[in-house]
Amino acid sequence: MSRLQPVRGTHDILPEDGRRHRHVVETARELSERYGFAEISTPIFEFTDVFQRTLGETSDVVTKEMYTFQDRGGDEITLRPEYTAGIARAVISGGLSQQLPLRFFAHGPMFRYERPQKGRLRQFHQIDAEIIGVAGPQADIEVICLGAEILDNLGVLDRTELQINSLGDAESRHAYRDALVAYFGAHRDALSTESQQRLERNPLRILDSKDEGDRALVAEAPRMEDYLNEDSASFFSEVVAGLNALGVSYSQNPHLVRGLDYYSHTAFEFVTGELGAQGAVIAGGRYDGLIETMGGTPTPAVGWAGGIERLAMLATGAPEAPRPIALIPVGDTAQDAAMLLAYELRRAGFVVDFGYRGNVTRRMKRADRIGARAALLLGEDEIERGVITLRDLDSGEQQKLTRDALDAALNSLY
RNA sequence: GCGGGUGUAGCUCAGUUGGUUAGAGCACCAGAUUGUGGAUCUGGGGGCCGGGGGUUCAAAUCCCCUCACUCGCCCCA
């Protein structure tokens, strides 16, 4: 293996993959705009505090997955591992809380120091949607519905399942957490080693353990729904009712939890079985406490993130590369005229591939290989007679046209 | 961070119990066709056999280490 290899967990997005990525992003952008979301972009790095304080000191992302470094001025900087904290920071530092509610769409690279797997990279890309400043369940419904519609337009909705759960408000969540600690604490010895650690750090996580022994205990564990207070329960039932009203199908998963500390109330994931161990393609929830935690005024919010690589692997309908017109100068004397013609055609909106090298045979082969729709030959003959040879590469038909007639003839091919 | 699998040409892969100068298909380049693509034929360029060490008269092949990829665990998009 050559020394010139990309850093582990990173990869080049070559043109074919790039089209699929762009299809995901543009589909999401177009639909989110229809839902009233405005596109924003935030820096790919922030002060480390932005993530450390908000994601939870004990979360895996903070404890072992962040790309953190000191810059030349001595500031602690972290490449963003997720989008939400950066957007919340932008809302605060940009004074945007004067304009609530806000609906944001964003996309871009994220960085997590993890062991790479299928659908899991150290630099990956996400699309992201957030509604900031709406306390009611309408926002949860709207944001989930947007996710479902994006998946539908990408042709993956029927291969995913929407799972939802409620973590309740802070009061409910703490009460439930205490109940879980009491229950699992009494069975500590029966828990897997990993879950014993979870008991200390994040007891909710035990609920979605894959260990068989854990699952047996989980089946008898206290249920979240019994610990939701009245507000939390009615909030969740409104979300569910809203999804029903819109015909968004889902299943309730009482074991669905979120890894990051700032979530409350609604948690949801669109999951697929087609990506190995990585099930989630879009996942998110409500994070009413985040902006306050960061030092802003208390502001409710809900949103999700979707993995572009994961979506691109599943999506159908990415547009094919455009079929260019191959412009082939014949002989040295035609070079300048051909370059001018290419310029004019491009200005007129045509996709033009200029054949730089080789004899006519070679350039024709190239035109064929790149899928050109037509070839234009321009040589001494043509220049003397004031025409251009147009060859339809699908039918093989060939004709000589004046410059004035060329654009119309090309347009008729597409 | 932990466990399993795999590394031979740009890609997909052969390579016998260790034995001359490591092969095929596809792709690429050139020619047959000096102004005409797709098909065919002919020829050509391409390899530190992932890297390092060891065993041996001899290593792509056996052993050790390492790196990368990959699948899973953890966790997540």
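For clarity, every value in this text was computed on a predicted model and none was experimentally measured.
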Original post:
Are A:R103 and A:F105 in a cation-pi setup, meaning NZ or CZ lies under 6.0 angstrom from the ring centre and within 45 degrees of the ring axis?
Top reply: no

**OP:** Could you tell me which non-hydrogen atom of A:R112 sits nearest to which non-hydrogen atom of A:F124, and how far apart they are?
**Re:** NE-CZ, 3.9 Å

Subject >> Residues which pass salt bridge (Lys or Arg N to Asp or Glu O under 4.0 Å) with A:R391, listed by chain and number, not counting sequence neighbours >> reply: none

Subject >> Carboxylate-amine/guanidinium proximity below 4.0 Å for A:E382 and A:K400 >> reply: yes

**OP:** Report the relative orientation of the aromatic rings in A:Y113 and A:Y67; use parallel for angles under 30°, tilted for 30 to 60°, perpendicular for over 60°.
**Re:** perpendicular

Original post:
According to a strict under-4.0 Å criterion, is A:R115 in side-chain N/O contact with OP1 or OP2 of B:C71?
Top reply: no

Original post:
Has the side chain of A:R120 got a donor or acceptor that lies under 3.5 Å from a partner of the other kind on the base of B:C75?
Top reply: yes

**OP:** Under the side-chain hydrogen bond (donor to acceptor under 3.5 Å, both in side chains) rule, collect the residues that match up with A:H107, sequence neighbours excluded.
**Re:** A:R29

Subject >> Nearest listed nucleotide, side chain of A:T361, among B:G35, B:G37, B:C75 >> reply: B:G37

**OP:** Check every strand shown and say whether A:E309 touches a base, only sugar-phosphate, or nothing at a heavy-atom separation below 4.0 Å.
**Re:** nothing

Original post:
When all nucleic acid strands are considered with a 4.0 Å heavy-atom cut-off, which category describes A:I370: base, sugar-phosphate, or nothing?
Top reply: nothing

Original post:
Roughly how many Å is it from NZ in A:K118 to C1' in B:C73, rounded to a whole number?
Top reply: 18 Å

Subject >> Nucleotide B:G37, atom P - distance to CZ of A:R363 in whole Å >> reply: 14 Å

Original post:
A:Q398 near the nucleic acid: base, sugar-phosphate alone, or nothing, with a heavy-atom cut-off under 4.0 Å?
Top reply: base

Original post:
Mapping A:G119 and A:L275 to their closest nucleotides on RNA chain B, which lands nearer the 5' end?
Top reply: A:L275

**OP:** Apply the test side-chain contact (heavy atoms from CB on, under 4.5 Å) to residues A:T84 and A:D128: give CA-CA distance (whole Å), side-chain angles for both, the deciding distance (0.1 Å), then the verdict.
**Re:** CA-CA 8 Å; A:T84 305; A:D128 188 275; 4.2 Å; yes

Subject >> Side-chain N or O of A:Q117 closer than 4.0 Å to phosphate OP1/OP2 of B:G72 >> reply: yes

Subject >> Exercise: identify the closest heavy-atom pair between A:D214 and A:S209 >> reply: OD2-OG, 2.9 Å

Original post:
Which heavy atom in A:D208 sits nearest to a heavy atom in A:H255, and how many Å separate them?
Top reply: CB-O, 3.7 Å

Original post:
Counting any heavy atom closer than 4.0 Å, what does A:V330 reach on the DNA or RNA strands: base, sugar-phosphate only, or nothing?
Top reply: base

**OP:** Indicate, with a heavy-atom threshold strictly under 4.0 Å, whether A:A367 touches base, sugar-phosphate, or nothing.
**Re:** nothing

Subject >> Residues in salt bridge (Lys or Arg N to Asp or Glu O under 4.0 Å) contact with A:R347, at least two apart in sequence or another chain >> reply: none

Subject >> Rounded P spacing from B:A27 to B:U42 in Å >> reply: 15 Å

Subject >> Partner residues of A:R323 under the salt bridge (Lys or Arg N to Asp or Glu O under 4.0 Å) criterion, sequence neighbours left out >> reply: A:D394

Under 3.5 Å, N/O pairs linking protein and nucleotides 9-11 of chain B:
none

Original post:
Do A:E382 side-chain and B:G35 base share a donor-acceptor contact under 3.5 Å?
Top reply: yes

Subject >> Distance test, side-chain N/O of A:R112 to OP1/OP2 of B:C75, below 4.0 Å >> reply: no

Original post:
Is there a residue in residues 404-414 of chain A whose heavy atoms reach under 4.0 Å of RNA chain B, and which residues are they?
Top reply: none

Original post:
Within this structure, what is the CD-to-P distance between A:E194 and B:C73, rounded to whole angstrom?
Top reply: 10 Å

Original post:
If you take atom types as modelled and just measure distance, does the side chain of A:R369 reach the base of B:C28 with a donor-acceptor pair under 3.5 Å?
Top reply: no

Could you write out each protein N or O paired with an N or O of nucleotides 38-44 of chain B at a distance under 3.5 Å?
residue	atom	partner	partner atom	Å
B:G38	O4'	A:D368	OD2	3.1
B:G38	N2	A:L393	O	3.3

**OP:** Both distances under 3.5 Å, Watson-Crick or G-U wobble: on that basis, could you give the dot-bracket string for RNA chain B, with [ ] for crossing pairs and | for other-strand partners?
**Re:** (((((((..((((.....[...)))).(((((.......))))).....(((((..]....))))))))))))....

Subject >> With sequence neighbours excluded, residues passing ring pair (Phe, Tyr, Trp, His ring centres under 6.0 Å) with A:Y183 >> reply: A:H187

**OP:** Could you tell me whether A:G371 contacts a base, only the sugar-phosphate backbone, or nothing, with contacts defined as non-hydrogen atoms closer than 4.0 Å?
**Re:** nothing

**OP:** State which residues pass salt bridge (Lys or Arg N to Asp or Glu O under 4.0 Å) with A:E380; sequence neighbours excluded, sorted by chain then number.
**Re:** none

Original post:
Is there any side-chain hydrogen bond (donor to acceptor under 3.5 Å, both in side chains) pair reaching into residues 330-341 of chain A, and which pairs are they, with sequence neighbours excluded?
Top reply: none

Original post:
Tell me, which pairs form a ring-ring contact (aromatic ring centres under 6.0 Å, His included) where one or both residues lie in residues 126-179 of chain A, sequence neighbours left out?
Top reply: A:Y176-A:Y227

Original post:
Taking the side chain of A:R198 as heavy atoms from C-beta outward, which of B:A68, B:C75, B:U36 is closest to it?
Top reply: B:C75

